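Right, one structure below, let's go through it.
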Amino acid sequence: QQDDEPSIHKQVNQKLLAKLAARGETLEERQERKAKRRAAKIQVEFGYTAENNPFNDPNIHETFTWNKKKTNKNSGKVRQDTVEEIKKVRQRRLNKDAERQEVDRLRAEEARMKEQEKYDDWMRKEEEFHLLQQRQRSAIRLVEGREKPIDVLAKNILLFGLSDEETTNHAAVKYKERYNALNELETMEAELEEPHVFLKVLKLNELEDLLVDIDAFRRLERESSGLGGNADSVILRYWDALHLVTQDEIEYLKSGGANGEHAKVVEDITKLFEGQSEPTLVKMKDEIITKLRGSAMKAATGDTVDVHYWQTVLSQLDVYLAKKELSDLHEKMLVRQLERLEKKKEELKAAKARGEIKEDAEQEEERSMVPTNVDPHVGDLENELGLDDEIDVQASSYSWQDKWRPRKPRYFNRVKTGYDWNKYNQTHYDHDNPPPKIVQGYKFNIFYPDLIDKTKTPQFFLEKADSPEFCILRFHAGPPYEDIAFKIINREWNRSRKRGFRSTFERGVLSLYFNFATHWYRR
């Protein structure tokens, strides 16, 4: 039992005893003297005494000794448990701090995501606003008749390329706060000339300005589509293809035009693509890209590849494919124009058959189909002269009708009216009281997209009518299309291109535009 209890061995410093003996002081007296000194110091420092202190400790001046620790036989285990408990408390505090930091981080992340969502929504609305303004400017310039080249190229896209939602919400253009400019734009004719053909009549400075405008449209469409739309939309493909073709036209003019080096190289390369289908051209493009990628490896083995030549072929192939895509998109838009006109015509006929449209309302509907740059009374004049419908051609058999079923081509036509300010009219009329309108010319657009013999150009003929004041204009194309005829005014045509004459057949569309010749009286 005595072995189990801890033994306390008190070692006394012999030097200290010798020093105390020389001083004539015992060890107990020394301890009492030091206790008094400590008590005086405590009293001076804190104002505590053995009789008066907040701890009610009469031995406050003595050194504290943890006697229980010395007498406790399990003091080591108790200390270890205490250390473990302290570690656990510390770990719990660290975990709690980490959890609080994670909660704060999640809150900050959520707030940042909400702010980013608001910012993205704001950015999307801003891009849509800028795109809306760009379309506004083009639509208003077209309506007012002061269009730029970019407006002519954007016209068909604004007419037929926008979705119903864009037309209703995003592309609404207010003009003078009284009507929608795009609604007014819909009454105008579609551009029949293909976009890449239109570029050939522009000068170098006009092409450079046009390229800047195309970049603006292209960037706004891409940013607007990338923030929540279809990044591969028809409009984006149109502007990308147009941008590529415009760059090629600028390079063509900068290199000297038709007599330049670029034109000679392009002419030879383009012959490789003629008559090839689109899948064949795409396959050719992949082969050229593979050949250019492997040119470095072939150069290491001694084989030489004309990199510059194949890069030129690749760039011209991209331009050729871009022109092909522009032609396809242009053809689709013309078909939409035809469908719209036919639908409008069927609706008017059905309403007239039901008696739902009175004469005044019917004339107003017909006026709404007339472009703003054509006089609004053109519909009245068409009805009066019997030009509202085509003339029935006498039934005749065709040599090819056993192979193909005859069908009539689609078309949309226009009649141009105006005033004839001759000497008599100048004398008897003025601008407030104008003279009667007369027909000044016609525009015929006949569609033959499925001609069997595409090398044979459709033709038109003039034939006698039942009255000498009129004549029959008949169009003939060949299988599988029947002949189609219209009754027009019998007057001399002005065949000058400067006066608007045009007779072309491109991409399956026969266009015949002409104005009547004007004879001025001279003494």
Side-chain angles (χ1 to χ4, degrees), residues 140-147 175-176 178-179 181 183-189 341 344-345 348 352 357-391 411-445 460 462-473 485-503 511-523:
I140 292 175
R141 285 193 296 264
L142 285 167
V143 168
E144 293 183 348
R146 50 184 180 87
E147 61 273 5
Y175 177 64
K176 296 182 179 179
R178 285 184 292 182
Y179 64 92
N183 290 342
E184 186 71 14
L185 187 65
E186 290 178 357
T187 63
M188 301 180 69
E189 298 178 8
L341 292 175
K344 189 71 175 177
K345 187 175 180 180
L348 289 175
K352 185 176 181 180
I357 299 181
K358 298 181 180 180
E359 188 65 24
D360 294 340
E362 184 176 351
Q363 292 176 359
E364 188 65 28
E365 285 290 339
E366 291 172 353
R367 291 191 186 100
S368 66
M369 294 297 294
V370 181
T372 54
N373 56 351
V374 177
D375 194 274
H377 294 284
V378 63
D380 298 340
L381 195 55
E382 284 184 352
N383 292 334
E384 181 182 350
L385 299 179
L387 298 174
D388 197 24
D389 296 317
E390 63 190 74
I391 300 300
Y411 63 87
F412 66 92
N413 306 327
R414 291 288 185 269
V415 57
K416 181 181 179 182
T417 63
Y419 304 115
D420 185 10
W421 292 103
N422 52 31
K423 287 293 183 181
Y424 179 85
N425 289 341
Q426 291 179 18
T427 304
H428 295 82
Y429 300 96
D430 55 24
H431 289 281
D432 296 330
N433 184 25
K437 289 186 174 69
I438 63 171
V439 176
Q440 295 179 340
Y442 296 92
K443 290 184 179 180
F444 294 93
N445 303 282
F460 62 89
L462 289 175
E463 301 174 352
K464 291 183 178 181
D466 53 359
S467 172
E469 297 179 358
F470 301 95
C471 63
I472 304 298
L473 178 61
F486 302 92
K487 190 175 182 181
I488 64 172
I489 301 294
N490 188 12
R491 287 179 57 188
E492 181 184 355
W493 295 5
N494 189 336
R495 296 180 179 269
S496 172
R497 290 192 61 186
K498 295 182 179 180
R499 297 298 180 181
F501 181 80
R502 176 180 179 183
S503 178
S511 301
L512 177 61
Y513 299 172
F514 61 87
N515 295 319
F516 293 127
T518 303
H519 300 283
W520 299 98
Y521 171 74
R522 292 183 180 178
R523 291 184 179 180

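Owing to the predicted nature of the structure, the values given are computational and were not obtained by experimental measurement. Both backbone and side-chain heavy atoms feed into the values below; hydrogens, waters and symmetry mates do not.
A donor-acceptor pair is defined here as one N or O able to donate and one able to accept, closer than 3.5 Å; such a pair exists between the side chain of R491 and the backbone of V439.
Across every non-hydrogen atom of S503 and F460, the tightest pair is OG-CE2, 3.7 Å. The heavy-atom pair separating D430 from N433 by the smallest distance is OD1-N, 2.6 Å.
Atom CG of N445 is separated from atom CG of L512 by 9.0 Å, given to the nearest 0.5 angstrom. Remark: R141 CZ to E147 CD distance equals 9.5 Å, nearest 0.5 Å. Between atom CD of residue Q426 and atom OH of residue Y419 there is a gap of 15.0 Å, rounded to the nearest 0.5 Å. Distance CZ/R502 to CG/N515: 13.5 Å, rounded to 0.5 Å. Separating the CZ atom in F514 from the CG atom in N494 is a distance of 11.5 Å, to the nearest 0.5 Å. Taking SG from C471 and CD from E463, the interatomic distance works out to 9.5 Å, rounded to the nearest 0.5 Å.
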side-chain contact (heavy atoms from CB on, under 4.5 Å) between F516 and Y442, worked out: CA-CA 9 Å; F516 293 127; Y442 296 92; 3.4 Å; yes

Step-by-step side-chain contact (heavy atoms from CB on, under 4.5 Å) determination, N490 to E469: CA-CA 5 Å; N490 188 12; E469 297 179 358; 5.8 Å; no

Derivation of the side-chain contact (heavy atoms from CB on, under 4.5 Å) call for K487 and D466: CA-CA 10 Å; K487 190 175 182 181; D466 53 359; 3.4 Å; yes

Evaluation steps, side-chain contact (heavy atoms from CB on, under 4.5 Å), between I438 and T417: CA-CA 6 Å; I438 63 171; T417 63; over 6 Å; no

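For F486 and F444, the ring centers are positioned less than 6.0 Å apart.
Side-chain contact between I472 and L462: absent, with no pair of heavy atoms (C-beta onward) separated by less than 4.5 Å.
Evaluation of the side-chain contact (heavy atoms from CB on, under 4.5 Å) rule for T427 yields no partner, not counting sequence neighbours.
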